[in-house]
2 protein chains.
Amino acid sequence: MKIPSPSIPRISLYYRVLLSLKDKDIISSQELSELTGCSAAQVRKDLAYFGQFGRPGSGYNVEVLKTELKNILGIDKDWDVALIGAGNLGSALLAYKGFRGQGFNIKYVFDNDRKKIGKLKQGIKVRDILELKKATKQIGINLAVVAVPQEAAQEVIDELVLSGIKAILNFAPIRPRVSEDIKVLNIDLSTELERLSYFLQRRKV
Amino acid sequence: MKIPSPSIPRISLYYRVLLSLKDKDIISSQELSELTGCSAAQVRKDLAYFGQFGRPGSGYNVEVLKTELKNILGIDKDWDVALIGAGNLGSALLAYKGFRGQGFNIKYVFDNDRKKIGKLKQGIKVRDILELKKATKQIGINLAVVAVPQEAAQEVIDELVLSGIKAILNFAPIRPRVSEDIKVLNIDLSTELERLSYFLQRRKV
DNA sequence: TAGATTGTTAATCGATTAACAATC
DNA sequence: TAGATTGTTAATCGATTAACAATC
């Protein structure tokens, strides 16, 4: 079956909400609706894409659902992550506890700055970006976070792809060109601010 | 007319691409398509929502289009921004040159950490978050970036709304509850990583 | 005039919502 | 059995694409 792409971030949201529940064994789509802001029909539909997890008349078993959603999202196991760019943003991401807590372990950090290479950041050695290819091939990492300046981004991403990386979270304000089988998600702060600017501007008219 | 919401980030993308053009007076929807990855029909449609900027037979005048898109996005003028949270992420955002370059000036920084309050960060004084209400009312800022820990986020956002803020870029991993007339965009790193995890997981099956 | 490309209408596609039979 | 809620089908809504007359 073809799953609508907006379902996946919603699955992630449902999972988050389930984690925050205390002393609740069963939850209905209606309750999940109230906790997430998604409609109850949408909750049921999203879940039904992946299986029959509920029990008509009562609802969903919270523990079962947590486990199922974890499996769907592929976070039943940990992922090793490579971080490219140890500047301000990269360092902030490295220090962010949310990642490790969610099972995403930044295991390798690369930079091209001689001053940073070889130093430790958050207990992880900063490697020369030239080692990139060797390193990822060796260790089989397939998830990378790119936090380098705009000018370097496409080149770094090309290199990552050559190194066997399959999924990239990109913070540089470009839409990198990659082959079909690579998944890139772009987080573009300027675009987000411009969306807010558009909203504020419109509001007045 | 009702404008599809995905159009706005695309407008932002078109604008970005136009900025990068050198020595080009006229551009066709076909060329913009190649540069952005959006279809030519979509480029024309997005632009047509806002006016008739092109010239049949030739294309769009680059300078004219730049100006028009700036107006649409509301970035023909600068915006003052308040940053809440001067931790790792907040500091990285503060140091990020892209914002200022795009006309988003972080003018106020707030934190609740006694150790940070009163100190300068990137030349900007860190204020006590308790001053928030007073400060935003006084100065008429209506755009804020929230980079505080999850536990503090909803409270901070409530406070921002009371202070008259109308648009919020939120980095905390919650879906804050706000009234209808407030626009919140959430940047949720865990969800993005989970989308990538889902992709990687699926790929194998 | 011939060629090119816009702006717009109609057709298609995809996602969300509504409704309800099946189930507990 | 009566009440509640799922899973699923059909209806609706919204966004994208295709096609082409109008325009330069």
Side-chain angles (χ1 to χ4, degrees), chain A residues 1-14 17-18 21 24-69 72 175 191 195 198-199 202, chain B residues 1-14 17-18 21 24-69 72 175 191 195 198-199 202:
Chain A
M1 195 199 320
K2 168 207 49 53
I3 289 146
S5 61
S7 286
I8 309 307
R10 283 196 302 264
I11 294 279
S12 174
L13 176 60
Y14 306 150
V17 162
L18 291 178
L21 293 179
K24 193 145 179 55
D25 289 342
I26 304 287
I27 191 165
S28 68
S29 59
Q30 181 54 43
E31 290 170 303
L32 268 169
S33 168
E34 282 153 18
L35 290 166
T36 59
C38 306
S39 75
Q42 184 144 75
V43 170
R44 291 199 301 278
K45 197 118 225 285
D46 284 339
L47 298 177
Y49 288 126
F50 296 98
Q52 308 194 150
F53 307 136
R55 194 178 137 100
S58 56
Y60 302 88
N61 178 296
V62 173
E63 279 313 311
V64 168
L65 197 52
K66 269 194 221 170
T67 306
E68 294 289 353
L69 299 192
I72 292 166
R175 295 287 202 89
T191 293
R195 287 172 66 190
Y198 170 80
F199 164 81
R202 279 261 138 161
Chain B
M1 195 198 320
K2 166 205 51 58
I3 289 147
S5 61
S7 287
I8 309 306
R10 284 196 302 264
I11 294 278
S12 174
L13 176 60
Y14 306 150
V17 161
L18 290 177
L21 293 179
K24 193 146 179 56
D25 288 342
I26 303 287
I27 191 164
S28 67
S29 59
Q30 181 54 43
E31 290 170 303
L32 268 169
S33 168
E34 283 152 19
L35 291 166
T36 59
C38 306
S39 74
Q42 185 146 73
V43 170
R44 291 200 299 280
K45 197 120 227 283
D46 284 339
L47 298 176
Y49 288 126
F50 297 97
Q52 309 195 148
F53 307 136
R55 196 176 135 102
S58 55
Y60 301 89
N61 178 297
V62 173
E63 280 312 312
V64 169
L65 197 52
K66 270 195 220 168
T67 306
E68 294 289 353
L69 298 191
I72 292 165
R175 296 286 203 87
T191 294
R195 288 171 66 190
Y198 170 80
F199 165 81
R202 279 260 137 164

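Everything quoted here is computed from the prediction, not taken from an experiment. Chain identifiers are assigned alphabetically (A, B, ...) following the order of the sequence lines, protein sequences preceding nucleic acid strands; residue numbering begins at 1 within each chain.
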Rounded distance in Å - [atom1] ([X]) to [atom2] ([N]):
X	N	atom1	atom2	result
A/F53	D/dG7	CZ	C1'	12 Å
B/Q30	C/dT6	CD	C1'	13 Å
B/L65	C/dT6	CG	C1'	13 Å
A/L32	D/dA4	CG	C1'	16 Å
A/I26	D/dA4	CD1	P	16 Å
A/N61	C/dC24	CG	P	15 Å

OP1 or OP2 of [N] under 4.0 Å from side-chain N/O of [X]:
X	N	result
B/Y60	D/dC24	no
A/S58	D/dA4	no
B/Q52	C/dT8	yes

What's the shortest heavy-atom distance between [X] and [Y], and which atoms?
X	Y	value
A/C38	A/S33	O-OG, 2.7 Å
A/S29	A/Y60	N-CE1, 4.1 Å
B/K24	B/V62	O-CG2, 3.3 Å

Do A/E34 side-chain atoms and A/E31 backbone N/O form a donor-acceptor pair below 3.5 Å?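 Not confirmed, A/E34 side chain does not pair with A/E31 backbone.
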
What residues form a side-chain contact (heavy atoms from CB on, under 4.5 Å) with [X], not counting sequence neighbours?
X	answer
A/R175	A/N186, B/L13
B/N61	B/I26, B/E63, B/V64
B/A48	none
A/P6	A/P4, A/R10

Determine, stepwise, if the pair A/Y14 / A/L47 fulfils side-chain contact (heavy atoms from CB on, under 4.5 Å). CA-CA 10 Å; A/Y14 306 150; A/L47 298 177; 4.2 Å; yes

Touch check for B/R44, heavy atoms < 4.0 angstrom, all strands: base, sugar-phosphate only, or nothing?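 The answer is base, as B/R44 lies within the cut-off (heavy atoms under 4.0 Å) of a base atom.
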
With the criterion being N/O to N/O and under 3.5 Å, what pairs connect the protein with nucleotides 13-17 of chain C, and how long is each?
unit_1: C/dT16; atom_1: OP1; unit_2: A/R10; atom_2: NH1; d: 3.0
unit_1: C/dT16; atom_1: OP2; unit_2: A/R10; atom_2: NH2; d: 3.1
unit_1: C/dT16; atom_1: OP2; unit_2: A/Q42; atom_2: NE2; d: 3.4
unit_1: C/dT16; atom_1: O5'; unit_2: A/Q42; atom_2: NE2; d: 3.1
unit_1: C/dT17; atom_1: OP2; unit_2: A/S39; atom_2: OG; d: 3.2

Please work out the stems of DNA chain C from pairs that are Watson-Crick or G-U wobble with both distances under 3.5 Å, keeping only runs of three or more consecutive pairs.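 Consecutive-pair runs (3 or more) involving DNA chain C: C:3-24 with D:3-24.
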
Which nucleotide in the set D/dT8, D/dT6, D/dA22 lies at the smallest distance from any side-chain heavy atom of A/A48?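 Side chain of A/A48 sits closest to D/dT8.
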
